[in-house]
Amino acid sequence: MSCSSSDLALLLGSSANSSAAADYICNQFADAGYAIDTTYLLFSAYLVFSMQLGFAMLCAGSVRAKNTMNIMLTNVLDAAAGGLFYYLFGFAFAFGGPSNGFIGKHFFGLKEVPEPGFDYSNFLYQWAFAIAAAGITSGSIAERTQFVAYLIYSSFLTGFVYPVVSHWFWSGDGWAAAARNSGESLLFKSGVIDFAGSGVVHMVGGIAGLWGALIEGPRIGRFDHGGRSVALRGHSATLVVLGTFLLWFGWYGFNPGSFNVIFKTYGPSGSLHGQWSAVGRTAVTTTLAGCTAALTTLFGKRLQTGHWNVTDVCNGLLGGFAAITSGCSVVDPWAAIICGFVSAWVLIGLNKLAAALKFDDPLEAAQLHGGCGAWGIIFTALFARERYVNEVYPGRPGRPYGLFMGGGGRLLAAHVVQILVIVGWVSATMGPLFYALHKFGLLRISGEDEMAGMDLTRHGGFAYVYHDDDSITQNGSPGGGGGFMLKSSVVRVEPRTAPAAATNHEQV
Amino acid sequence: EAAEMSCSSSDLAPLLGGANASAAADYICGQFTDAGYAIDTTYLLFSAYLVFAMQLGFAMLCAGSVRAKNTMNIMLTNVLDAAAGGIFYYVFGFAFAFGGPSNGFIGKHFFGLKDVPEPSFDYSNFLYQWAFAIAAAGITSGSIAERTQFVAYLIYSAFLTGFVYPIVSHWFWSGDGWAAAGRNAGESLLFESGVIDFAGSGVVHLVGGIAGLWGALIEGPRIGRFDHTGRSVALRGHSATLVVLGTFLLWFGWYGFNPGSFTVIFRTYGPSGSIHGQWSAVGRTAVTTTLAGCTAALTTLFGKRLQTGHWNVVDVCNGLLGGFAAITAGCSVVEPWAAIICGFVSAWVLIGLNKLAAALKFDDPLEAAQLHGGCGAWGIIFTALFARERYVNEVYPGRPGRPYGLFMGGGGRLLAAHIIQILVIVGWVSATMGPLFYLLHKFGLLRISAEDEMAGMDLTRHGGFAYVYHDEDSMSQNGSPGFMLKSSAARVEPRTTPAATNQQQV
Amino acid sequence: MSCSSSDLALLLGSSANSSAAADYICNQFADAGYAIDTTYLLFSAYLVFSMQLGFAMLCAGSVRAKNTMNIMLTNVLDAAAGGLFYYLFGFAFAFGGPSNGFIGKHFFGLKEVPEPGFDYSNFLYQWAFAIAAAGITSGSIAERTQFVAYLIYSSFLTGFVYPVVSHWFWSGDGWAAAARNSGESLLFKSGVIDFAGSGVVHMVGGIAGLWGALIEGPRIGRFDHGGRSVALRGHSATLVVLGTFLLWFGWYGFNPGSFNVIFKTYGPSGSLHGQWSAVGRTAVTTTLAGCTAALTTLFGKRLQTGHWNVTDVCNGLLGGFAAITSGCSVVDPWAAIICGFVSAWVLIGLNKLAAALKFDDPLEAAQLHGGCGAWGIIFTALFARERYVNEVYPGRPGRPYGLFMGGGGRLLAAHVVQILVIVGWVSATMGPLFYALHKFGLLRISGEDEMAGMDLTRHGGFAYVYHDDDSITQNGSPGGGGGFMLKSSVVRVEPRTAPAAATNHEQV
């Protein structure tokens, strides 16, 4: 808190009780601060949670109709299983200080929460981040992965792999954190400025998806026998747009919310400079990076394909967001435009590369979150502005900042290390996991299942029943009863009632 | 109870000393009061907006859970819940619920928001409570979906939002309510405890669920729901995507529903300046809510997998919502680990009640009676078992030694009060909504004709189907007059060649 | 801020440092105020942004399936292009004071932000408003407009036409602003009370759409050869409802958020009267106007058509919101009910008029936002309550208020001027633009494209692929490869694998 009893006591001065009066007043401000900051953090957490809805809709729209139920179930379970695992041990691994630089070791099952520095709202906020990482990976392996494999990798990623990474870069004990506890030395005297997680969240999810998709191989029909890339279009562009806008909406919790507190001054008390302004600036940089990436993709793809393509624009937009996530709080708005512009080309280039290498990622998740995330980490090391870095990560005067802003190369060195370490750690943990699942026959579904669609073979039926005859047939079918979910393979009897017949005819 | 500020002028004045100490203390504490109003109103309003988003969640959940031919009908009911509820709750519902000082049964002030704002009720409180009221009506609409006349819907919805629900909320949430845990000081509590139904497992969910139960019972099952040999036949909804969309939106909105029910966040529990305050309890409430829903979802996933052999997303969504409905009563007074127990049991409650409903040939398209009624009732019992002493005293302060959860060593008085709550809600809703549905039934206003039901209400009552994915449909209509036509008009062939598109798209 | 150091210093009195102590305490309150108000404003901005999602879904559901991708792309680009243009110059034109009454001239590229009065959060909030105006217009010209025309008009509207209007009525320098800088004279000693923009946003978008739709003419088939109106129904009522509810949700940012700050007392400090209460009242009046309009439309249309129509109810609801937007903060809740009731009939009447005049607006945007918006401006001039006007626009005692509330006709005069000026300005700028696009053949698509649907001809395919055979055919097709987006005109080869055939059979 910025209200200091000892300072105020001196000013209140003459009275015998001045110290008590100062305590009283400053405690009131402390209370107000808790109320304001918790309100801010909780609503930010709710926004981040809404990204899970965005992922679900984006994934649903991007796969074929026959696999919609499967992919949505994985998204629901990301959130649900993630909730339990992150409660039991994930949060402890990530933020359970005091600990070592590698892994946290307190707060299992939220024991001893609240304590100064960690309240329940912090847990909720971090949980929403953890499930986002798992959601990214699910896109890469969509449409061909066994559901059991999904449950296993999701638990492992949310409960262990991701929390450890977030400990390294975000915990006060983390070996590479830019905001490391005072007294500890920073990596290259700088630490890694991955403010909201281009690396910690997006690269982790993207690299995990990369390994999953590599080991599984492409979907049947994704590349024809001549080796040419064949588009397997998702079944609903509307859902893609819905999901993208929801992710955009949620990103306002993801990036600006990562400040955690908003009631904090930068200059002298009473001036207009404070975290509130930095929070607003972060929302602006986030917006501009995404907008620029969307426009760049629009025209870039138009030149290449001759179409104005909305799903490509949506992916470009999300790539811009994934890239700016790392530096959103420490760069100027004009730099965010550069960030978004480059990230659009990174995504386009990586997609071409993926097609050339016969790598199939239905959601482009590895390219988008992995590739643009990595670009964002580099971008931050180039464009971080001195004043902003010192405001957001205070208490270490003279720390390095962006190379192009005159801050030297130490921040860039730290960020290159971050990329290498994340790629290495995720590959070393998720790679063997996916490989073991593959070896035990638990990873990929059978060719028959894949052609028929997982919804039919694993999830009890298709997601959509737009044609009324389906249900009417079941009604009228002599053998059509007996359970909630039936394979639709029952014989199809003609409806017996006249109005229904008319209906079918007209609607079909 | 807005703005119980912790800054006390009388405490501060002696500390400041000096001739104007009292005025200075007033000045400073007045500033804190203002800050408190600003913070708490921001908190409450955004919570209200989240709760309102649940109405969108209900609309999408309901739309996805019914057949395509009834989609317009169910969505219209959801829109009108909110719209009609807004008018009725403004004119008298809010007054019945919170219009104190009054008696224990019904409130009697604030009609048409007269005399608002006053120290305990500002406009933001009204908006928040309105969002709750329309949620109750939304629950019931699910139970009677796909076979109810629209007029019946308008009548019951107005009655429920404007009268039945407000009275229940008066009993348990108003300072004057006879069974409220936060009853006005000086009044005695039911069993010296009162009912801790923090965000409304009983007041909202049980009320909506029981109303739906009577509606669905009196209407009977949909045509084809049970075949002639009496076996249960699934009438699947038309879009699992909409079900998932609706479920996530409800989850999102529940963060306004449960944590928002504190209505103020700027309030200390310990001494001023410590980390303990309502802000922490608000966060804890969000966590318990999350964990209960997550556990219920996972339990349902594996439970149904064992039974049916499928990984079913629609069932998981319903399980999740059941967990939320259950934790709603105790979310603020139980530990996170207890929330896991709450969610686990609620999943089995829902599975069991669904089996029971199928056995009894009870047809509820959204499982609303089972989910909101059954899991809601379980949540009320759960709270009486697991409420923790410290949390109860923090959230409902000023009554030292009050009872808490039976399993936590707090005795059985809270449980007794909660059993009374269940009985009273079931009785009151049955006594009001039961006769209403029965009358509508007797006057032929409740159920649509079999022909309409087979054809789908969208066609017969709402001017057409909700979806026109195939281009030929709209092109055919080009040739016919009028904005909304029954699609029974002759189907003219499109006259222009580009319509060949149809062939490619189909 | 309401905490006054000089007042407090007198009270603290005896000590030598009393002035410093008072500064210290009041500065703390200033900080708390920044934190609270920024939290409030940013989350309001996020809500307003979610309206863009609402527009996208509403538009998507209201057009035919064959044009869904087109309309959604325009909505995404509204936000994206709007973000860039509003950052570069739109915000400067609108709020760049000190300037003249016509147009602002500071803050280009957010230079010199933050300064007292304008922080980054203000920019974000105003950007969300600007893109809403462009979103309105896109509905009027849906299903028949070239994508390039869309890009051009959208940039011009967001970057110039709209910012200038918002400068006039909302900037402290604006010639017609009700909250004009002290010392400047008000229009008719009153100024225009267009609190959240029935005129500035909704009429601007609606009138622009009116000209676009007029110049383009109706869609093919909208009026048959006998001249009768033929409904071209949208393809999904579910999306219409989804969009409407999202707009409702977002309107809670639009109207109550327009206060910008919530930490401000009206009465003496410590009383319960303050902006927080006015914010809540604004949310209530907004709700009641929409609810009344929805119910009025329900019964009004039922009497006319015999159906209970959900899309009409949704439009009625939105009309009520558009109308109350102007006066939401200065009228009583009961007056909001009148506002909504009349606006429903305004919309019904204008729709009848549009059909009679063979004016085709697929979203009814010109009627809804233009017509109901204009009614809302008049309504405010009739029902604005004295106390609320003086609380929301303080510092000018004796200013006029609603005619029916005894406040005289000067407010009404100012509001009539507002309507005329907005109609004139938008017509003088957007009319020629649309006409020039029309003359150069850039406005309307060809008849063939229109019949086939723009998604197929311009956006690479349809939005929906519910039937599995579509994708499978593409896989197996000898000529089906080669690129991401193919026209579906390739020959349709039978799937070669047995399970797929079974699937098709069962699902269709």
Side-chain angles (χ1 to χ4, degrees), chain A residues 2-3 8 11-14 25 29 32 36 39-40 43 64-66 221 224 228 230-233 235-238 241-242 245 249 252 262-263 265 269-270 272 274 276-277 279-281 283-284 287-288 291-292 294-295 305 307-310 313 333-334 448 451-453 456 462 464 488-489, chain C residues 14-15 17 20-21 24-25 27-28 30-32 34-36 38-39 42-43 46 49-50 52-53 56-57 60 68-69 72-73 76 80-81 83-84 87 109-110 114 116 119-121 123-124 147 458-461 463-466 468 471 474-475 480-482 484-485 497 499-500 503 506-507:
Chain A
S2 53
C3 187
L8 183 55
L11 300 173
L12 288 174
S14 58
I25 292 170
F29 280 111
I36 295 166
T39 300
Y40 175 71
F43 281 96
R64 288 165 290 177
K66 62 181 179 181
D224 69 10
R228 289 175 305 181
V230 175
L232 300 182
R233 295 181 55 201
H235 79 284
S236 172
T238 309
V241 172
L242 173 61
F245 266 123
F249 179 61
Y252 289 126
I262 193 169
F263 184 15
T265 52
S269 172
L272 56 87
W276 47 86
S277 184
V279 165
R281 191 183 63 239
V284 171
T287 304
L288 289 175
C291 290
T292 309
L295 290 174
T305 69
H307 289 118
W308 305 102
N309 191 312
V310 69
V313 168
W334 60 261
E448 288 74 28
M451 295 305 290
L456 186 66
F462 291 111
Y464 301 100
S488 337
S489 53
Chain C
S14 57
S15 146
N17 289 314
Y24 191 95
I25 292 170
N27 281 339
Q28 294 289 329
D31 294 344
Y34 282 123
I36 295 166
T38 304
T39 301
L42 278 176
F43 281 96
Y46 305 156
F49 169 75
S50 78
Q52 202 65 14
L53 171 56
M57 294 298 112
T68 309
M69 303 250 275
M72 288 191 302
L73 183 56
V76 175
L84 274 186
Y87 163 72
L110 287 183
D119 200 348
Y120 293 102
S121 46
F123 165 77
L124 200 81
F147 189 72
R458 291 285 173 267
H459 301 279
Y464 302 100
V465 190
Y466 279 111
D468 200 34
S471 54
Q474 293 188 357
N475 301 353
F484 181 62
M485 283 295 169
T497 47
T503 310
E506 285 156 25
Q507 188 186 19

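All chains are named by letter (A, B, ...) in the order of the sequence lines, taking the proteins before the strands, and each is independently numbered beginning at 1. We use all heavy atoms of the structure for the numbers below, so side chains are in, but hydrogens, waters and symmetry mates are not.
Expressed to the nearest 0.5 Å, how far CG of A:L8 lies from CD1 of C:I25 amounts to 5.0 Å.
For A:V284, the parts lying near chain C are the backbone and the side chain together; criterion is any non-hydrogen pair under 4.5 Å. Using a 4.5 Å cut-off between heavy atoms, C:T39 touches chain A through backbone and side chain atoms alike. Both the backbone and the side chain of C:A81 come within less than 4.5 Å of a heavy atom of chain A. Within the 4.5 angstrom heavy-atom criterion, only side-chain atoms of C:M57, from C-beta onward, approach chain A. C:L53 touches chain A through backbone and side chain together, each having a heavy atom under 4.5 Å away.
A parallel orientation is assigned to the rings of C:Y34 and A:W276, their planes being inclined by less than 30° (bins at 30° and 60°).
A:W334 and C:Y87 get closest at one heavy-atom pair: N-OH, 3.3 Å. Closest approach of A:A294 to C:A80, counting heavy atoms only: CB-CB, 3.9 Å. Taking all atoms of both residues into account, the shortest heavy-atom contact from A:F249 to C:Y46 is CE1-O, 3.3 Å.
In this structure, the side chains of A:F245 and C:Q52 come closer than 4.5 Å at one or more pairs of heavy atoms. In this structure the side chain of C:V76 reaches within 4.5 angstrom of the side chain of A:V241, judged on heavy atoms. The shortest distance between side-chain heavy atoms of C:Y24 and A:S269 does not fall below 4.5 Å. In this structure, the side chains of C:H459 and A:N309 stay at 4.5 Å or more apart for every pair of heavy atoms.
Between C:F49 and A:Y252, the ring centre distance stays below 6.0 Å.
Between chain C and the residues A:L295, A:V313, A:T238, the most heavy-atom pairs under 4.5 angstrom are made by A:T238. In terms of heavy-atom pairs under 4.5 angstrom with chain A, the leader among C:T68, C:L42, C:L73 is C:L73. For the options A:V279, A:T292, A:I36, heavy-atom pairs under 4.5 Å to chain C are most numerous at A:I36.
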Could you walk me through whether A:L272 and C:D119 satisfy the side-chain contact (heavy atoms from CB on, under 4.5 Å) test, starting with their C-alpha distance in whole Å, then the side-chain angles of each, then the deciding distance to 0.1 Å, before giving a yes or no? CA-CA 9 Å; A:L272 56 87; C:D119 200 348; over 6 Å; no

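Checked by atom type, the side-chain pair A:S277/C:Y120 shows no donor-acceptor distance below 3.5 Å.
In this structure a side-chain-to-backbone donor-acceptor pair under 3.5 Å is missing from C:D31 to A:T265.
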